[in-house]
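These notes are about the structure you will find just below.
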Amino acid sequence: MIEARQLKKSFGRQRVLDGVDLRVQRGESVVIIGRSGGGKSILLKHLIGLLSPEAGDVLIEGQSIARMNERQLLQVRRKFGMLFQGAALFDSLTVAENVAFVLQRERKLPEIEIARKVDDALAMVDLAGTQRKKPAELSGGMRKRVGLARAIVYQPEIVLYDEPTTGLDPIVADSIDQLIVRIRERLAVTTVAVTHDMRSARRIGQRILMLHQGRVHFTGTPDETFQSQDPVVYRFVNGISDPKEPNF
């Protein structure tokens with residue numbers, strides 16, 4: 001479903017991605033972990049075509065997107081839904097208007113059909129009845145749910161999550177994790193999530209991939225990851241700093 005081949009990306013003199021290879025099968029749930037600033041979110045943006053690599057390629061269902069123009073990318077992005085780290089809601093719009101944003105912009109469906117899809121998406125994330133609220137009236141967890149409803153309202157094949165539980169208390173974070181699993185199972189979507197939350201990684205990932213020094217350092221099941229004796233993986237999942245490296 002998704003493939004990256006020798007992906008490289010730099011910002012100035014800093015090489016962020018240095019030959020990333022990955023494959024994600026249809027319907028699979030993959031979690032990407034790694035140090036802050038290690039390229040996880042940058043990798044996500046390459047997968048959806050928001051950034052272009054300096055070298056290497058990204059393929060979606062076998063189709064190369066790395067050199068596509070914006071018009072071509074729009075067709076590929078239709079396969080994706082994305083939950084951004086801060087939910088990225090429009091403060092001036094209601095919940096219903098936020099969720100309906102893409103459908104309204106495309107102008108392909110009558111208003112009554114858009115309203116039905118919005119209602120269905122909000123019900124799936126347990127937010128029925130919130131259509132007229134504004135983002136300022138919602139808790140952090142509710143805003144994440146609205147962002148997720150917007151990501152799935154047009155029934156994408158792939159959903160990307162950028163730090164879905166950041167800033168949430170453990171109970172709300174657990175509810176978001178359960179929701180991610182529920183959506184994967186109900187909609188049969190392919191899931192790729194970036195997270196620093198190790199509990200979340202264990203709950204939602206069928207496979208965990210660790211970025212380190214710009215490359216995929218490790219990949220394995222949750223059990224293999226949390227039982228790994230690889231020093232880099234072990235220190236990260238257990239929150240142990242390396243005295244030989246700067247940790248700020």
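- Heavy atoms from other residues, nucleotides or ligands lying under 6.0 Å from CD1 of Ile112 number 12 at most.
- Using a 4.5 Å heavy-atom cutoff, the side chains of Val58 and Leu47 are in contact.
- Residues Ile48 and Leu211 share a single hydrophobic cluster, defined by chaining ILVMFWY side chains whose heavy atoms lie under 4.5 Å apart.
- Residues Ile240 and Val237 do not share a hydrophobic cluster, defined by chaining ILVMFWY side chains whose heavy atoms lie under 4.5 Å apart.
- A distance of 9.5 Å separates CG in Leu44 from CZ in Phe84, rounded to the nearest 0.5 Å.
- For the pair Lys133 and Leu127, the minimum side-chain heavy-atom distance is 4.5 Å or more.
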Next item on the list: For the pair Arg77 and Glu70, evaluate salt bridge (charged side-chain N to carboxylate O under 4.0 Å, His left out) and give the outcome as yes or no after the intermediate values.
Entry: CA-CA 10 Å; Arg77 288 178 187 147; Glu70 194 63 24; 2.5 Å; yes
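- Within a 6.0 Å sphere centred on CD of Gln75, other residues, nucleotides and ligands contribute 12 heavy atoms or fewer.
- The shortest side-chain heavy-atom distance between Val95 and Gln131 does not fall under the 4.5 Å cut-off.
- Leu122 approaches Ala149 most closely through the heavy-atom pair CD2-CB, 4.0 Å.
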Next item on the list: Start with the C-alpha distance between Glu111 and Gln104, add both sets of side-chain angles, then the distance that settles side chain to side chain contact (heavy atoms under 4.5 Å, CB included), and finish with yes or no.
Entry: CA-CA 8 Å; Glu111 290 295 326; Gln104 293 281 9; 3.0 Å; yes
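- Ion pairing between Lys134 and Glu137 fails under the 4.0 Å rule for side-chain N and carboxylate O.
- Looking at Arg199 and Asp177, no side-chain N of the basic residue comes within less than 4.0 Å of a carboxylate O on the acidic one, giving no salt bridge.
- Using a 4.5 Å heavy-atom threshold, the side chains of Ile183 and Val125 count as touching.
- A pairwise comparison of heavy atoms in Glu28 and Gln25 identifies OE1-N, 2.9 Å as the closest pair.
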Next item on the list: Carefully, step by step, assess Thr166 and Asp197 under the rule side chain to side chain contact (heavy atoms under 4.5 Å, CB included).
Entry: CA-CA 8 Å; Thr166 292; Asp197 184 339; over 6 Å; no
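- For the pair Glu224 (side chain) and Thr221 (backbone), a donor-acceptor distance under 3.5 Å is present.
- The side-chain heavy atoms of Ile158 and Phe80, taken from C-beta on, include a pair separated by under 4.5 Å.
- Between Asp162 and Ser41, the closest heavy-atom pair is OD1-OG, 2.9 Å.
- Taking the side chain as every heavy atom from C-beta outward, Arg202 and Asp223 approach each other to under 4.5 Å.
- Counting heavy atoms from C-beta on, the side chains of Glu61 and Glu157 come closer than 4.5 Å.
- Contact detail for Leu83 and Pro164: the closest heavy-atom pair is CD2-CB, 4.2 Å.
- To the nearest 0.5 Å, atom CG of residue Asn98 and atom CZ of residue Arg150 are 5.5 Å apart.
- More than 12 heavy atoms of other residues, nucleotides or ligands sit less than 6.0 Å from atom CD of Glu113.
- Using a cutoff of 4.0 Å between basic side-chain nitrogens and carboxylate oxygens, Arg215 and Asp21 are not scored as salt-bridged.
- No side-chain donor-acceptor contact under 3.5 Å links Arg35 to the backbone of Gln213.
- In this structure, Ile208 and Phe226 have side chains that are in contact, with non-hydrogen atoms separated by less than 4.5 Å.
- Side-chain contact of Ser10 with Arg15: a donor-acceptor pair under 3.5 Å is present, judged by distance alone.
- For Lys117, the NZ atom is densely surrounded, since the number of other residues' heavy atoms within 6.0 Å is greater than 12.
- A single hydrophobic cluster is seen to contain both Val99 and Leu187, as judged by linkage of ILVMFWY side chains at heavy-atom distances under 4.5 Å, directly or through other members.
- No continuous path of hydrophobic side-chain contacts links Met82 to Leu168 [ILVMFWY only; heavy atoms under 4.5 Å].
- Atoms CZ and OG1, on Arg207 and Thr191 in that order, are 12.5 Å from each other to the nearest 0.5 Å.
- The distance from atom CD of Gln85 to atom OG1 of Thr165, rounded to the nearest 0.5 Å, is 10.0 Å.
- Within 6.0 Å of the CZ atom in Arg23, the count of heavy atoms belonging to other residues, nucleotides or ligands does not exceed 12.
- A distance-only check finds no donor-acceptor pair linking the side chain of Ser228 to the backbone of Thr225 [under 3.5 Å].
- In terms of heavy atoms, Lys40 sits closest to Ile33 at CD-C, 3.4 Å.
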Check: Hey, mind stepping through Lys45 and Lys9 against side chain to side chain contact (heavy atoms under 4.5 Å, CB included) and telling me if it holds?
Finding: CA-CA 11 Å; Lys45 290 176 181 178; Lys9 185 69 173 181; over 6 Å; no
Checklist line | CA sep, side-chain torsions, deciding dist, call: His212, Phe218, side chain to side chain contact (heavy atoms under 4.5 Å, CB included) | finding: CA-CA 9 Å; His212 180 65; Phe218 175 90; over 6 Å; no
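- Annotation: the span from Leu179 atom CG to Asp126 atom CG amounts to 6.5 Å, rounded to 0.5 Å.
- Distance check: Met142 CE to Ser175 OG gives 11.0 Å after rounding to the nearest 0.5 Å.
- Within 6.0 Å of atom CZ in Arg132, 12 or fewer heavy atoms from other residues, nucleotides or ligands are found, so the atom counts as exposed in its surroundings.
- Here the shortest heavy-atom pairing between Ala201 and Val31 reads CB-CG1, 3.8 Å.
- Checked options Val216, Val20, Val194; the residue passing with Leu43 is Val20 (criterion: side-chain contact (heavy atoms from CB on, under 4.5 Å)).
- By the criterion of side-chain heavy atoms lying less than 4.5 angstrom apart, applied directly or through intervening Ile, Leu, Val, Met, Phe, Trp or Tyr residues, Ile204 is not grouped with Ile2; the two fall into different hydrophobic clusters.
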